[in-house]
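Note sheet for the following structure.
Only heavy atoms go into these numbers, but all of them, side chains included; no hydrogens, no water, no symmetry mates.
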Amino acid sequence: MNPEAQQDVSVSQGIRMIFYMMKPSETSFETLEEVPDYVKQATPFFISLMLLELVVSWILKGKPSGRLDDVLTSVSAGIFSRLPSLFSRSIELTTYIYIWENYRLISLPWHSPWTWYLTFLGVDFGYYWFHRMAHEVNIMWAGHQTHHSSEDYNLSTALRQSILQVYTSWIFYSPLALFVPPSVYAVHLQFNLLYQFWIHTEVINNLGPLELIINTPSHHRVHHGRNRYCIDKNYAGVLIIWDRIFGTFEAENEKVVYGLTHPINTFEPFKVQFHHLVYIWTTFWATPGFFNKFSVIFKGPGWGPGKPRLGLSEEIPEITGEECPFSSSVSHLLKIYAVVQSALMLAFYEETFADKAVLSQVTLLLRVAFIILTLTSIGFLLDQRPKAAVLETFRCLVFLMLCRFGHLKPFIPFLSFAFEVIPRLV
């Protein structure tokens, strides 16, 4: 995908992108370089829909749709997950192109509507099986669990993505590379992801007959639940028919409680991303026998010696109705500070992606390191870690140094003037 292939997007196009309603005639491209970055184009619409959800939730329920600390953590995870793409093309595209160039059997016409609709079905079918295996294979769950760690359910939850997930998802799309051109695949890979944004909400209830065919907020709420009836259900991306066909469908009935069955109780980004990998590592060495160790990695997250592949449902903690989501107890002033720092960091993040073609590798690495340092420091502040103040002081000093040597550009004009004047005075 080519960031330079961007164009102005109308409100109609933005909405149709998110709801997978674009026409084949306007989203068919001969080469991969022509394919726009639809995810980037949709970003303003993400923000607009999140604000709309906030207003609607306040009107209908008298409260916001999420908690500030949880929203910041979801946005943090989304940023974290995209940082590798600053340095290389996504592995989902790299592996696909390699298979296409070396092993394709036939080449379907890139401009045919039949190819477009076939790829829509193929990508969605591949996503169903990837998503299902991400719940049923422990090492894959280590990546996917990040997305399920939020104890709220709102549009920001859709942004809580794993940095590890793409390193296994490509396997399930690779058969398409035997006959579907990469440019067509790249379009649907993005639309399948974009569609799943709007279903992360509680402000939309039942959608009537559409519930029979497509994935909806109601179906996906079940998927995010930690109630026993919700576990390992509703894996669909766009079409819920896959769950109905393969026996993993469950309708929403009793109130859904969200999050992991064993909440991680942290807002620190490294723990959100990697805590289950640490758990697998310790369990692997603590489990006797070669085949048992193998099973720790490749059977379900709930597996243990003598248990079924996916574990025992009775070992899943029962929902009492008194569950209280983990919240930060820091002052409102400190939360405002965290929001401001997150906003500044987000501006640097967007600028870095926009300018990555002209930035040196050193500047790019330093910017990424600063972004990770900022995300970590904010997580420490929200968790009230003992060393949070020390880390934040260090981060501010790093910020000043990077600005002084030109690797970061202050967004406040006064700061730019200060960095020019101060060296002349000393």
* Can a donor-acceptor pair be found between the side chains of His220 and Gln196 at a distance below 3.5 Å? -> no

* Asked: Do other residues, nucleotides or ligands put more than 12 heavy atoms under 6.0 Å from Phe246 CZ?
  -> yes

* For residues Leu54 and Met50, determine if any side-chain heavy atom of one lies less than 4.5 Å from a side-chain heavy atom of the other. => no

* Note, Phe284 side chain near Ile297 side chain (heavy atom, < 4.5 Å) -> yes

* **Derivation and outcome, side-chain hydrogen bond (donor to acceptor under 3.5 Å, both in side chains), residues Thr287 and Asn292** => CA-CA 7 Å; Thr287 303; Asn292 283 338; over 6 Å; no

* Measuring from Ile18:CD1 to Phe46:CZ, what's the distance to the nearest 0.5 Å? -> 5.5 Å

* Are Glu211 and His219 linked by a side-chain donor-acceptor pair shorter than 3.5 Å? -> yes

* Go through the steps for Phe19 and Trp198 under the test ring pair (Phe, Tyr, Trp, His ring centres under 6.0 Å), then give the verdict. => CA-CA 8 Å; Phe19 289 93; Trp198 75 275; 5.1 Å; yes

* With sequence neighbours left out, write down each residue that passes salt bridge (charged side-chain N to carboxylate O under 4.0 Å, His left out) with Lys61, or none if nothing qualifies. => Glu202

Show the atom names and distances, to 0.1 Å, of all donor-acceptor pairs under 3.5 Å that link a side chain in residues 368-376 to residues at least two apart or in another chain.
from   : atom 1 : to     : atom 2 : distance (Å)
Thr374 : OG1    : Phe370 : O      : 2.9
Thr374 : OG1    : Arg395 : NH1    : 3.2
Thr376 : OG1    : Ile372 : O      : 2.8

* **Leu194 side chain reached by Met22 side chain, heavy atoms, under 4.5 Å** => no

* Evaluate the criterion side chain to side chain contact (heavy atoms under 4.5 Å, CB included) for residue pair Phe80 and Arg160; output intermediate values, then yes/no. => CA-CA 9 Å; Phe80 207 104; Arg160 188 179 288 228; over 6 Å; no

* Will you find, in the side chains of Ser218 and Asn206, an N or O donor that is under 3.5 Å from an N or O acceptor? -> no

* Is it possible for you to check whether Arg385 lies under 6.0 Å from the centre of the six-membered ring of Phe380, through NZ or CZ, and within 45° of that ring's axis? => yes

* **Electrostatic pair Arg67:Glu151 at N-O distance under 4.0 angstrom** => no

* Asked: Does the side chain of Leu239 reach to within under 4.5 Å of the side chain of Leu121, using non-hydrogen atoms?
  -> yes

* Any side-chain heavy-atom pair of Trp110 and Pro181 under 4.5 Å -> yes

* Structure fact -> Heavy-atom nearest pair, Ala77 first then Thr146, reads CB-CG2, 4.3 Å

* To do: Applying ring pair (Phe, Tyr, Trp, His ring centres under 6.0 Å), run through His131 and His135 and close with a yes or a no.
  => CA-CA 7 Å; His131 196 184; His135 281 256; 5.2 Å; yes

* **Stepwise ring pair (Phe, Tyr, Trp, His ring centres under 6.0 Å) test for His147 and His223** => CA-CA 11 Å; His147 182 60; His223 178 71; 7.8 Å; no

* **Side-chain donor/acceptor of Thr393 to backbone N/O of Ala389, under 3.5 Å** => yes

* Asked: Above 12 or not: heavy atoms from other molecules or residues under 6.0 Å from CG of Leu397?
  -> yes

* **Within 6.0 Å of CZ in Phe179, more than 12 heavy atoms from elsewhere** => yes

* Asked: How many angstroms lie between atom CD of Gln341 and atom CD1 of Ile378, to the nearest 0.5 angstrom?
  -> 6.5 Å

* Within a radius of less than 6.0 Å around CZ of Phe394, do more than 12 heavy atoms belonging to other residues, nucleotides or ligands occur? -> no

* Asked: Which heavy atom in Lys335 sits nearest to a heavy atom in Ser328, and how many Å separate them?
  -> NZ-O, 3.6 Å

* Identify the two heavy atoms, one from Leu212 and one from Ile241, that lie closest to each other, and give their separation to 0.1 Å. => O-CG2, 4.1 Å

* After noting the C-alpha distance and the side-chain angles of Asn138 and His276, does the key distance pass the side chain to side chain contact (heavy atoms under 4.5 Å, CB included) rule? -> CA-CA 9 Å; Asn138 205 15; His276 196 72; 2.7 Å; yes

* Has the side chain of Gln41 got a donor or acceptor atom that lies under 3.5 Å from a matching backbone atom of Asp37? -> no

* Structure fact -> From the list Tyr20, Phe197, Phe191, ring-ring contact (aromatic ring centres under 6.0 Å, His included) partner of Tyr38 resolves to Phe191

* Enclosure of Tyr279 OH (heavy-atom neighbours >12, cutoff 6.0 Å) -> no

